[in-house]
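To start, the structure under review is shown below, and the notes come after it.
For the numbers below, each heavy atom of this structure counts, side chains included, while hydrogens, waters and symmetry mates do not. Only a predicted model underlies this, so the values are computations on that prediction, with no experimental measurement involved.
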Amino acid sequence: MLHITNLEDGLELFKALGSDVRVRILEILLEYNNMNMNDLASRLEITNGALTSHIKKLEECGLIKITNQSTGHGNQKIASLNQDKILIELTQSTPERNVYKTSIPIGNYSTCSVYPTCGLATEKHLIGDVDDRRYFFHNDRYKAQILWFTKGYVEYIIPNFIPGGQKIDEICITMEISSEAPGVNENWPSDIYFYLNDINVAMWTSPGDFGDVRGILTPDWWIPKWNQYGLLKMLQINKKGSFVDGVKKSDITIDQFELTDKSMLRFRIAVPESAEHVGGVTLFGRAFGNYSQDIDVYISYSPRRMDTTATPIGMPRPGDVQ
């Protein structure tokens, strides 16, 4: 998902979409998933040189990606979509809004309960044996750049270092995530639940486990028929409810948690056995998949209201002995 929070930041995107040819390129890739450059130029009835110019603009703003694929006649360039959604926020944040940002490596979970198929890997090698869930507690798990499981959960402690005397107004979490199928399967739905402090705030159904092309960041040693990349998803919990990619998933608001600078924040990603689609979870770190990030967290905060009924220090309270 491409998230535009400021209209000025979206200028290049808007320019890229201001062309009938480039919009048609996106429509073709939506229909066929990917296409080599020669076939794409032929379908559009334009020259390869003209296509290259359009492709460059779409690539620069992150809408598509180009990969090289070996064939019996050499290499060919393949164009495919790099985003599944575009979210543009037209409402502007107030200048005084304060935001604390942090990032959680996917191996830094505080607790977990997972079931095979499952496993973890650093950017250089597997951690232990595949489908042996004991390795989810191996010391090397903190170096993990990809992890997967069929059902169960991983839970993270979100660092809360907002200034003292503040309350939390919104939590926004982004992550690269997909289902977990034996091997890969683009049609493998999974109901993935998100919890904050044991409260289920949202559920998102992942459409599949993607392996049609190698992830942009996925290391060369990684097995081709295993999870290659995920989708970038954004979970927001604010005063209006809980949302995934801007779509409201529940009426659970941030105010219901009464979170302050003193609060523990526990974030759980789960596929319960009771889910309609038990299709697992794959989480991608900054060295796997298509997005160079871990679990990124943005916390908006503002001053807490003081209790005006409190008795000032040194003043007697009603009922005190004089």
Side-chain angles (χ1 to χ4, degrees), residues 1-10 87-112 142-145 153-177 192-202 204 230 232-270 283-287 289 291-307:
M1 182 193 67
L2 186 61
H3 183 202
I4 305 295
T5 59
N6 184 296
L7 289 177
E8 291 185 3
D9 293 341
L87 176 63
I88 301 172
E89 293 191 17
L90 296 179
T91 55
Q92 299 296 311
S93 301
T94 55
E96 61 271 16
R97 188 184 189 193
N98 298 304
V99 178
Y100 166 72
K101 302 177 182 179
T102 188
S103 185
I104 309 169
I106 62 167
N108 281 25
Y109 45 85
S110 56
T111 184
C112 71
Y142 295 104
K143 303 175 185 178
Q145 291 294 315
Y153 66 86
V154 286
E155 183 172 283
Y156 300 86
I157 302 296
I158 299 175
N160 179 7
F161 293 109
I162 67 173
Q166 306 292 304
K167 63 180 178 67
I168 294 177
D169 297 321
E170 181 179 47
I171 296 177
C172 177
I173 303 171
T174 65
M175 72 211 89
E176 185 174 355
I177 190 170
I192 301 175
Y193 288 74
F194 302 109
Y195 296 80
L196 181 65
N197 291 357
D198 296 324
I199 296 177
N200 173 220
V201 295
W204 167 69
L232 188 65
K233 309 307 294 183
M234 179 176 66
L235 170 69
Q236 287 175 291
I237 310 166
N238 57 35
K239 294 179 179 296
K240 296 181 180 180
S242 298
F243 303 78
V244 174
D245 292 348
V247 178
K248 191 171 187 179
K249 295 295 185 177
S250 79
D251 292 324
I252 303 295
T253 68
I254 197 69
D255 291 337
Q256 293 175 236
F257 293 92
E258 299 183 346
L259 300 173
T260 71
D261 57 293
K262 307 296 184 184
S263 299
M264 175 79 77
L265 304 176
R266 292 181 291 107
F267 174 55
R268 177 176 291 193
I269 302 170
L283 285 172
F284 299 82
R286 60 178 60 251
Y291 302 92
S292 182
Q293 70 162 74
D294 297 307
I295 299 173
D296 288 350
V297 182
Y298 303 82
I299 300 176
S300 300
Y301 60 89
S302 62
R304 296 203 305 259
R305 290 182 180 178
M306 301 301 294
D307 184 359

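Every residue two or more places apart in sequence or in another chain that forms a side chain to side chain donor-acceptor pair (under 3.5 Å) with Asp261 is listed here: Arg304. Listed by chain and number, the residues in a side chain to side chain contact (heavy atoms under 4.5 Å, CB included) with Ile157 are Ser110, Met264, Arg266 (sequence neighbours excluded). Annotation: side chain to side chain donor-acceptor pair (under 3.5 Å) contacts of Asn108 (sequence neighbours excluded): none. Partners of Lys249 according to the salt bridge (Lys or Arg N to Asp or Glu O under 4.0 Å) rule, which considers only residues two or more places apart in sequence or in another chain, do not exist here. With sequence neighbours excluded, the residues satisfying side chain to side chain donor-acceptor pair (under 3.5 Å) with Ser103 are Asp296. For Lys248, the side chain to side chain donor-acceptor pair (under 3.5 Å) partners at least two apart in sequence or on another chain are Asp251. Applying the salt bridge (Lys or Arg N to Asp or Glu O under 4.0 Å) criterion to Lys239, with sequence neighbours excluded, gives Asp169, Asp255. Partners of Pro159 under the side chain to side chain contact (heavy atoms under 4.5 Å, CB included) rule, at least two apart in sequence or in another chain, are Tyr100, Thr102, Ile104, Phe161.
A donor-acceptor pair under 3.5 Å is formed between the side chain of Asn200 and the backbone N or O of Phe194. With hydrogens and angles ignored, the 3.5 Å screen pairs no side-chain donor or acceptor of Glu176 with any backbone N or O of Gln293. In this structure, Thr253 contributes its side chain and Lys240 its backbone to no donor-acceptor pair below 3.5 Å. Gln145 places a side-chain N or O within 3.5 Å of a backbone atom of Ala287 that can act as its donor or acceptor partner. Judged by distance alone, the side chain of Asp245 and the main-chain N or O of Lys233 form no donor-acceptor pair under 3.5 Å.
Ring geometry for Tyr109 against Tyr156 counts as perpendicular: the plane angle is over 60°, on a 0 to 90° scale with 30° as the lower cut.
Gln166 and Thr260 are not linked by any side-chain donor-acceptor pair at a separation below 3.5 angstrom, with hydrogens and angles left out of the test.
Once rounded to the nearest 0.5 Å, the distance linking CG of Leu196 with CD1 of Ile171 reads 5.0 Å.
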